[in-house]
Amino acid sequence: MSKKLLWFGRILGGLVVLIFTGGLILVSVASIIEEDPIDPNSADFLEVLPMVIMIPLQLIFYIFTWFPKKKGELIGGVAMTTISLCMGGYVMFDAGSNKFIAGLMFCIPFLIPGILFIISWIKKKDQ
């Protein structure tokens, strides 16, 4: 059961990280193609800067979960869970209308794999 949870978390986490990181890259490339470069000093850029930092952090900790012998599942799972809650909180704080739904859209996709990695590590430890 532990291996199934681990692989489900890896697949789900990989898809989520791929989609969010791909979206971040697409927005950057679209900005360059439109010849409307993003000004790093603009208020719009500073508003999304925390998300630009947190999404690659999710990728780093997702990769870290693939090293189970060094407690990677636990450390990566806890980090993914914590960062997902921070992302959801930031979006809820920053969003206009529908704050709760917007926060959930950024929180839940990373929260579920993070929790699955933690549960997998606990089950593996109990065996």
*Asks:* Measuring from atom CZ of F117 to atom OH of Y62, what distance do you get when rounded to the nearest 0.5 angstrom?
*Replies:* 6.0 Å
*Asks:* For the atom pair CG (L57) and SG (C86), what is the distance rounded to the nearest 0.5 Å?
*Replies:* 10.0 Å
*Asks:* Do V17 and W66 share a hydrophobic cluster, counting only Ile, Leu, Val, Met, Phe, Trp and Tyr and linking them when any side-chain heavy atoms are less than 4.5 Å apart?
*Replies:* yes
*Asks:* If hydrophobic clusters are built by linking Ile, Leu, Val, Met, Phe, Trp and Tyr wherever their side-chain heavy atoms come under 4.5 Å apart, do I11 and I108 end up in the same one?
*Replies:* no
*Asks:* If hydrophobic clusters are built from ILVMFWY residues whose side chains come within less than 4.5 Å, do L111 and F100 share one?
*Replies:* yes
*Asks:* Please find the pair of heavy atoms, one from G9 and one from P113, that lie closest to each other, and give the distance.
*Replies:* O-CB, 3.8 Å
*Asks:* I'd like to know if V16 and W7 are part of one continuous hydrophobic network [Ile/Leu/Val/Met/Phe/Trp/Tyr, side-chain heavy atoms within less than 4.5 Å].
*Replies:* yes
*Asks:* Compile the donor-acceptor pairs under 3.5 Å between side chains in residues 74-83 and protein atoms, sequence neighbours left out, one pair per line.
*Replies:*
residue, atom, partner, partner atom, Å
T81, OG1, G77, O, 2.7
T82, OG1, V78, O, 2.8

*Asks:* Grouping I, L, V, M, F, W and Y whenever their side-chain heavy atoms are under 4.5 Å apart, do F93 and M105 come out in a common cluster?
*Replies:* no
*Asks:* Without swapping roles, check the side chain of Y90 against the backbone of L85 for a donor-acceptor pair under 3.5 Å.
*Replies:* no
*Asks:* I need the S84 OG to I112 CD1 distance, nearest 0.5 Å.
*Replies:* 9.5 Å
*Asks:* To the nearest 0.5 Å, how far apart are CD1 in I118 and OG1 in T65?
*Replies:* 11.5 Å
*Asks:* So how far is it from S120 OG to E73 CD, rounded to the nearest 0.5 Å?
*Replies:* 4.5 Å
*Asks:* Can you measure from CG (L59) to CZ (F110) and round to the nearest 0.5 angstrom?
*Replies:* 9.0 Å
*Asks:* Taking side chain as C-beta onward, heavy atoms only, is I60 less than 4.5 Å from F64?
*Replies:* no
